[in-house]
Amino acid sequence: MGSITTTSTLPPDFLWGFATASYQIEGAVTEDGRGPSIWDTFCKIPGKIAGGATGDVACDSYHRTAEDIALLKECGAQAYRFSISWSRIIPLGGRNDPINADGLQHYIRFVNDLLAAGITPLVTLFHWDLPDELDKRYGGLLNKEEFVKDFVHYAQVVFEALAGKVKHWITFNEPWCSSVLGYNVGQFAPGRTSDRTKSPVGDGSRECWVVGHNLLVAHGAAVRVYREEFRGVDGEIGITLNGDWAEPWDPSNPADVEASERKLEFTIGWFADPIYKGKYPDSMIQQLGDRLPQWTEEDISLVRGSNDFYGMNHYCANYIKAKTGAPDPDDTAGNLEILQQNKNGEFVGPETQSTWLRPSPIGFRKLLKWLSERYEHPKIYVTENGTSLKGENDLPLEELLQDDFRTEYFRGYVAAMADASALDGVNVRAYMAWSLMDNFEWADGYETRFGCTYVDYENGQKRIPKDSAKQLRQIFDQYIQK
Ligand code: GBH
């Protein structure tokens, strides 16, 4: 399994489209009764977001659903993955708090319009934008008793409204990011960390593991409700996990080979092992001891077997070098270094605008195979894949629209996925490009663009498809069997 072939194909019913997330595109943060989320609050803290940006307007998608659907049609997309803003549906978030009919109506209308346009919706219930009140009321994701009940209630309200129309559900997007970036690094909302220069509160050695555990239980509990009350004949539900490929820094050093495996266990196995194997990875138990919560019978019975599909967000690869000596108490990676160059000084891929992202299509193929083998060949939906471009934001519009680097990224990654499907026995059935359009890139604000469509933030959020938006359709045309 080395290079990428040109003969592999994808199955005829393969579903492709684009992905976005509520806080990154919607704007209209105080409209029609929406309550604030932890991201509204986090963005107001000086120094947290590049350029002092917020999601107040973003792509203004709340007011432009018709335009976005037209854009999807124009790009030839078969599917659209978007997320629902919890605080539009239940502004205060809790199970005894009022439900906002206007917020619910917005998404019902949107789904109806997508279906009328022949586009299959994939709905994410939670893409990091927790209602702020729940964080203030009881510590949000840290509070298992309250959070699980409130999430299940919110999920129920949404299922009730949409389950007949939406057949593909994602409970949580990237719980690793909510846990580690939100409660250990402090780079994402709510910004808790042990680093007192960044936050007056937080314990990065413990809280992230508690939050990860609570998210898993909430996922399992929502899945149970969906399966018992809403699934119907053909509905399905799963969780979406981030995970980048890990290649040893020195492949001849067994410690680096082991560390690479451990990196995958600490990022992916943390969540996928309980779901597919009913326990946390041994490497995590060994390093974290009693800081990793224990599974009760009741909780693990909710979590085990709770994925109808594996939602895979994937962007890049890294070189992994084992650390020597005892792990730092705040370490979340597995006592290893995450590097972009190997022992010979070779970069894993070319530079992009995102410091963490260097493309490696072959890493995608390898990770698909790793997932498939470790979790007994689950159905995999790639729920995000894409890239930023070094310096894109500074280019004159004409050059920016000719985003060949992004097209080549997609070409390489889709080819690698087709090889995984045709040659490695990986059951991958869907692919959503990140992203439909440039949007609020979290702590990186608007300076980093991930869109296949350019958004002109200075001129009324006008959308102009880049070349990659057109090319992606050709690429899937080439690979999907007729
Ligand atoms: C996704 O996050 C998000 O779902 C999406 O909202 C976002 O806009 C998009 O990607 C682009 O950033 O090697 O251990 O340091 C992906 C975010 C980036 C996940 C960096 C973890 C580093 C892991 N990720 N990454 S590590």
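Residue numbers count from 1 along this sequence. Just so you know, ligand 1 is whichever comes first in the structure, and atom 1 is the first atom listed for that ligand.
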Which atoms of ligand 1 are found less than 4.0 Å from any heavy atom of [X]?
| X | value |
| --- | --- |
| Tyr315 | 1 (C), 9 (C), 10 (O), 11 (C) |
| Cys177 | 19 (C) |
| Trp356 | 12 (O), 18 (C), 20 (C) |
| Asn242 | 19 (C), 21 (C) |

TODO: Using salt bridge (charged side-chain N to carboxylate O under 4.0 Å, His left out) as the criterion, list what pairs up with Lys390, not counting sequence neighbours.
DONE: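 Salt bridge (charged side-chain N to carboxylate O under 4.0 Å, His left out) check on Lys390 returns Glu351.
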Open item on the list: Leu241 and side chain to side chain contact (heavy atoms under 4.5 Å, CB included): which single residue from Phe271, Phe172, Trp176, Trp270 fits?
Closed with: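 Of all the options given, the one that passes is Phe271.
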Task: All side-chain hydrogen bond (donor to acceptor under 3.5 Å, both in side chains) counterparts of Trp169, not counting sequence neighbours - done: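 Per chain and number, Trp169 pairs via side-chain hydrogen bond (donor to acceptor under 3.5 Å, both in side chains) with no residue.
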Is [X] touching ligand 1 with its side chain, its backbone, both, or neither, if touching means heavy atoms under 4.0 Å apart?
| X | answer |
| --- | --- |
| Ala333 | neither |
| Asn173 | side chain |
| Asn313 | side chain |

- [ ] Taking atom types as modelled, find out whether Ser435 and Thr20 have a side-chain donor-acceptor pair closer than 3.5 angstrom.
- [x]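 Distance-only check fails for Ser435 and Thr20.
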Open item on the list: Using modelled atom types and a 3.5 Å cut-off, is there a donor and acceptor pairing between side-chain atoms of Ser421 and backbone atoms of Met417?
Closed with: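 The answer is no, because no donor-acceptor pair under 3.5 Å joins these two groups.
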Open item on the list: Tell me if a side-chain donor or acceptor on Thr352 pairs with a main-chain N or O of Leu357 at a distance below 3.5 Å.
Closed with: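 Confirmed, Thr352 side chain pairs with Leu357 backbone.
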Open item on the list: How far is atom 5 (C) of ligand 1 from the closest protein heavy atom, and which atom is that?
Closed with: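 Going by distance alone, atom 5 (C) of ligand 1 is nearest to Glu384 OE1, 3.6 Å.
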